[in-house]
Colleague: 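What follows is a single structure, and I will ask about it in a moment.
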Amino acid sequence: MRSPLFKTPITEMLGIAHPILCGGMGPGVSDADYVAAVVNAGGMGFIVAAGFPDPDEFREQLRRCKQLTSGKGFGVNLYLSRQAQGLERLHEQLAIVAEEGVLCVETSGTSPEGILPILRDAGIKVLHKVAAVRYARSAARLGVDAVIVVGNDCGGHPGVYGISSMVQAAQVPNEVSVPVVIGGGIGTGRQLAATLTMGADAVLMGSRMLVAEELWIHRKYKDLLVHSDGTESVIVKTGLRDHHRVYNNESAKAVAALDAAGASDFEQYRAHVMGSLSTRAYQTGDSALGMLDFGPSVVFADAVKPVEAIFDEILDDAKKALQRLGQLHDAA
């Protein structure tokens with residue numbers, strides 16, 4: 001692990017060496033092995049609870065991560081749903097998270113207001129993820145420990161406003177009083193240094209990390225990412241106002257056609273957006289079908305490497321960026 005280069009409110013809050021968070025990726029993608037690798041490299045990762053609907057399997061993932069990190073703190077990604085079935089599953093997950101002593105959660109979806117008392121009582125830090133400053137303000141008022149704000153370059157769900165990460169990074173720290181994490185399109189140390197310079201306290205990466213050796217997804221899919229230049233990323237499901245940035249495969253093209261035709265009934269989309277298609281793609285390496293989260297930051301994913309090696313490159317790049325900034329300041 002590289003020696004710490006930065007100390008921020010996020011590194012202090014989470015007890016991590018580097019202000020680098022690796023967000024939960026797709027149901028089941030961010031599992032115990034991957035998250036442990038992120039934590040052991042000095043960052044913070046989040047096991048995606050939705051990827052392990054069986055309570056015993058979810059609990060086993062948490063215990064495996066705890067073992068692999070030798071007891072270091074790690075996180076869980078929780079999707080907050082308004083639906084009755086989703087709420088029931090969420091409260092089951094909350095009980096397990098509290099019992100297993102998880103350090104922090106990355107929440108997204110609806111407001112976290114209803115579950116904050118449970119998480120506070122368990123001593124769990126809450127980092128709520130949103131896609132616009134207006135929602136960051138609301139979350140901060142509720143008393144979350146930090147906000148994660150993602151820009152339009154975010155693979156997965158970037159929200160409907162189309163605001164860039166560059167704008168979010170410059171605006172959000174001036175709008176809220178809690179620590180700020182910026183995500184969307186980030187995959188280099190230069191961006192890390194720039195984001196911290198703009199007032200944020202950490203970055204969040206997703207697409208950039210899809211080539212990590214510790215991820216279980218098929219090598220064929222990782223090789224596709226290595227040879228991608230980011231232009232294969234497209235936003236679909238606009239007809240449902242559930243904007244989704246994904247790999248531009250057959251499923252994405254079919255969904256884009258529905259969007260263009262003005263479709264707004266989920267049943268028209270269902271056959272193309274089922275989670276089982278994405279899972280199969282990750283398992284087999286056949287990327288033709290499925291909503292595969294895919295941001296333009298894959299352009300930085302130039303090789304399949306261990307998490308620690310990816311972090312080392314980012315930190316070395318950040319150090320060079322700081323040196324360049326210092327040279328420019330001296331020249332002035």
Side-chain angles (χ1 to χ4, degrees), residues 2-14 16-23 38 41-45 106 127 129-133 136 140 146-156 158-159 161-211 229-231 233 245 295-302 305 307-332:
R2 284 285 194 274
S3 298
L5 188 59
F6 305 102
K7 184 169 79 170
T8 76
I10 288 291
T11 61
E12 293 187 299
M13 174 194 302
L14 302 180
I16 55 179
H18 312 304
I20 301 173
L21 279 57
C22 295
V38 169
M44 179 53 63
E106 173 194 48
L127 296 84
K129 184 161 63 177
V130 298
V133 174
V147 291
I148 301 170
V149 186
V150 296
N152 198 49
D153 288 338
C154 166
Y161 295 105
I163 303 170
S164 74
S165 303
M166 191 77 167
V167 171
Q168 306 276 37
Q171 183 185 10
V172 181
N174 292 330
E175 299 279 347
V176 300
S177 58
V178 298
V180 173
V181 181
I182 297 294
I186 294 173
T188 68
R190 282 157 283 174
Q191 291 167 302
L192 169 60
T195 302
L196 297 179
T197 300
M198 285 189 278
D201 303 293
V203 295
L204 181 83
M205 298 191 301
S207 300
R208 170 66 183 92
M209 301 302 295
L210 282 166
V211 294
D229 65 6
T231 60
S233 172
R245 185 178 284 282
S297 64
V298 298
V299 69
F300 305 123
D302 58 354
K305 299 175 183 176
V307 168
E308 186 172 353
I310 295 172
F311 275 27
D312 288 350
E313 287 186 2
I314 289 171
L315 292 163
D316 290 345
D317 190 44
K319 190 172 183 178
K320 289 179 182 177
L322 292 176
Q323 291 169 346
R324 183 173 189 272
L325 190 62
Q327 291 167 357
L328 293 174
H329 181 267
D330 292 342

Colleague: At their closest point, which heavy atom of P173 faces which heavy atom of A200, and how far apart are they?
Modeller: CG-N, 3.7 Å
Colleague: For E175, what residues pass the side chain to side chain donor-acceptor pair (under 3.5 Å) criterion, not counting sequence neighbours?
Modeller: R137
Colleague: What pair of heavy atoms forms the shortest contact from A321 to A193, and how long is it?
Modeller: CB-CB, 4.1 Å
Colleague: Once side chain to side chain contact (heavy atoms under 4.5 Å, CB included) is applied, do any residues pair with Q323, and if so which ones, sequence neighbours excluded?
Modeller: K319, K320
Colleague: S165 and G183: which non-hydrogen atoms are nearest, and at how many Å?
Modeller: OG-O, 3.2 Å
Colleague: Can you name the closest pair of heavy atoms from G42 and I16 and give their distance?
Modeller: O-CB, 3.4 Å
Colleague: Residues two or more places apart in sequence or in another chain: which of them pass side chain to side chain contact (heavy atoms under 4.5 Å, CB included) with P4?
Modeller: A17
Colleague: V181 vs K129, test: side chain to side chain contact (heavy atoms under 4.5 Å, CB included). Steps then yes/no.
Modeller: CA-CA 9 Å; V181 181; K129 184 161 63 177; over 6 Å; no
Colleague: Calculate, to the nearest 0.5 Å, the distance between atoms CD and CG belonging to Q168 and D153 respectively.
Modeller: 10.5 Å
Colleague: Output, in order, the C-alpha distance, side-chain angles, deciding distance and verdict of side chain to side chain contact (heavy atoms under 4.5 Å, CB included) for I314 and M205.
Modeller: CA-CA 11 Å; I314 289 171; M205 298 191 301; 3.4 Å; yes
Colleague: Which is it for F300 and I186 under the side chain to side chain contact (heavy atoms under 4.5 Å, CB included) test, yes or no, and what are the steps along the way?
Modeller: CA-CA 9 Å; F300 305 123; I186 294 173; over 6 Å; no
Colleague: Return the minimal non-hydrogen interatomic distance between T11 and P19, and the atom names on each side.
Modeller: CG2-N, 3.5 Å
Colleague: Tell me the salt bridge (charged side-chain N to carboxylate O under 4.0 Å, His left out) pairs involving residues 186-197, sequence neighbours left out?
Modeller: R190-D317
Colleague: Atom CD in E308, atom CZ in R2: separation rounded to 0.5 Å?
Modeller: 8.0 Å
Colleague: List for me each residue that meets salt bridge (charged side-chain N to carboxylate O under 4.0 Å, His left out) alongside D201, sequence neighbours excluded, and say none if there are none.
Modeller: none
Colleague: Could you measure the distance from the NZ atom of K305 to the CG atom of D312? Nearest 0.5 Å is fine.
Modeller: 10.0 Å
Colleague: Working to the nearest 0.5 Å, report the span between CG of L204 and CE of M44.
Modeller: 12.0 Å
Colleague: Going by the rule side chain to side chain donor-acceptor pair (under 3.5 Å), which residues pair with D229 if we only count those two or more places apart in sequence or in a different chain?
Modeller: T231
Colleague: State, to 0.1 Å, how close V178 and A146 come at their nearest heavy-atom pair, and which atoms those are.
Modeller: CG2-CA, 4.1 Å
Colleague: A side-chain contact here means heavy atoms from C-beta on lying under 4.5 Å apart; do F311 and M209 qualify?
Modeller: yes
Colleague: Kindly indicate, with the supporting measurements, whether the criterion side chain to side chain contact (heavy atoms under 4.5 Å, CB included) is fulfilled by V133 and I163.
Modeller: CA-CA 10 Å; V133 174; I163 303 170; over 6 Å; no
Colleague: With sequence neighbours left out, write down each residue that passes side chain to side chain donor-acceptor pair (under 3.5 Å) with T195, or none if nothing qualifies.
Modeller: none
Colleague: Of all residues at least two apart in sequence or in a different chain, which pass the side chain to side chain contact (heavy atoms under 4.5 Å, CB included) check with A301?
Modeller: R208, V211
Colleague: Return the set of residues passing side chain to side chain donor-acceptor pair (under 3.5 Å) with Q191 (not counting sequence neighbours), or none when no residue passes.
Modeller: T188
Colleague: Are there over 12 heavy-atom neighbours, none belonging to M198, within less than 6.0 Å of that residue's CE?
Modeller: yes
Colleague: Test of understanding: with side chain to side chain contact (heavy atoms under 4.5 Å, CB included), list the residues that count as partners of A131, not counting sequence neighbours.
Modeller: V150
